[in-house]
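To keep things clear, I will list the structure first and then write my remarks on it.
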Amino acid sequence: MKIATFNVNGINGRLPILLRWLEEAKPDAVCLQELKAPDERFPTAAIEDAGYGAIWHGQKSWNGVAILARGTVPVETRRGLPGDPADQQSRYLEAAVNGILIGCLYLPNGNPAPGPKFDYKLQWFERLQAHAKGLLASGLPIVLAGDYNVMPTDLDVYKPERWVKDALFRPEVRQAFGQLVAQGWTDALRHMHPDERVYTFWDYFRNAFGRDAGLRIDHLLLSPDLAKRMVEAGVDRHVRGWDKASDHAPTWIKLG
DNA sequence: ATGGCTCCTTAAAGGAGA
């Protein structure tokens, strides 16, 4: 079983990219972020024609997450991250697919930091930690996949010193990610590639992809039993080189 | 340090992304 996460940066603007990649990679389950579309503008027919069932939580202009499953429809278990009823942003969706519980998340960017957006990011992280702890305690096979907007270590940034004051790399954020993983999760990509520079994002500026000036910010965290089943993990970085590509590349694991 | 690019939006120029 192959499970992927892909920040599409606009599901309608990037629909040809998404469909081309689905056809090529044939993932069994996919978490999408940054739909940038309200619920009624989700491209249901095109996704179905590609062979995927889907659930989604859209939002006008920004955010928005979805879970796709090949040949079946994800069974929704949660919509929205618990802990703040006033939070209106579409950033968390959870479903069961083929016996695995999949949490799809789009963690806030947090810039500029410090400031209210950074505070929201840290609060969101605390809510995620609380929810993840409960999930882990359930003993179910779980993957928490998405755009975490965090580079966990220096190895995950092309030029760490340039990013130390950025909301994606500040100590508080790296610490929050570390605390989350320490609950008992496995950072799939780093576990399979302990010493390698593996990036999932390259910005649109200054030929970042051509220079390989990348960041690793899209992560799949696995519960202990799923970590034991993992046989492969990777990034489809060639997708970033396609015409009209997202600034993120699809990131995936294979379970045996 | 800044700006570079690309998406979205009552469609002009601004917000947001990272």
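Here is how names work: the chains are called A, B, and so on, in the same order as the sequence lines, proteins then strands, and each is numbered from 1. Bear in mind that the values here come from a model prediction, so they are computed numbers and not experimental data.
Contact check, A:R162 against B:dG3: no side-chain N or O comes under 4.0 Å of OP1 or OP2. For B:dC7, the OP1/OP2 oxygens have a side-chain nitrogen or oxygen of A:R14 closer than 4.0 Å.
When the C1' atom is used for both B:dG4 and B:dT9, the distance is 22 Å, rounded to whole Å. Comparing B:dT6 with B:dT10, their P atoms are spaced 23 Å from each other, to the whole Å. When the C1' atom is used for both B:dA18 and B:dC7, the distance is 13 Å, rounded to whole Å. Nucleotides B:dG3 and B:dA16, compared at atom C1', are 16 Å apart to the nearest Å. Going from the P atom of B:dA1 to that of B:dA12 covers 38 Å, rounded to whole Å.
Here the two rings, on A:F177 and A:Y148, have centers that are under 6.0 Å apart. Taking the six-membered ring for Trp and the full ring otherwise, the centers of A:W163 and A:F169 sit at least 6.0 Å from each other.
Residues A:L255 and A:L226 meet the side-chain proximity criterion, which asks for heavy atoms closer than 4.5 Å.
Atom CG of A:L15 and atom C1' of B:dC7 are 15 Å apart (whole Å). Summarising the geometry, the separation between CH2 on A:W242 and C1' on B:dT6 is reported as 19 Å, rounded to the nearest angstrom. Straight-line distance from the CH2 atom of A:W202 to the P atom of B:dT6: 17 Å, rounded to whole Å. The distance from atom CZ of A:F209 to atom P of B:dT6 is 14 Å, rounded to the nearest whole Å. Distance, A:N12 CG to B:dT6 C1': 15 Å, rounded to whole Å.
Among A:I102, A:V143, A:D187, the one residue that satisfies the side-chain contact (heavy atoms from CB on, under 4.5 Å) test with A:L220 is A:V143.
Using modelled atom types, one finds a donor on one side chain and an acceptor on the other under 3.5 Å when comparing A:E24 with A:H238.
A:K254 and A:D28 are not joined by a salt bridge, as no carboxylate oxygen comes within less than 4.0 angstrom of a charged side-chain nitrogen.
Residues A:P38 and A:A245 both approach DNA chain B. Their nearest nucleotides, taken by heavy-atom distance, put A:A245 toward the 5′ side.
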Revision key, fill the gap. Whether each nucleotide of nucleotides 10-18 of chain B has a protein heavy atom under 4.0 Å at its base (B), only at its sugar-phosphate (S) or at neither (-) is summarised, 5' to 3', as S-----SBB
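A cation-pi arrangement, defined by a distance under 6.0 Å to the six-membered ring centre and an angle within 45 degrees of its axis, is absent between A:K244 and A:W242.
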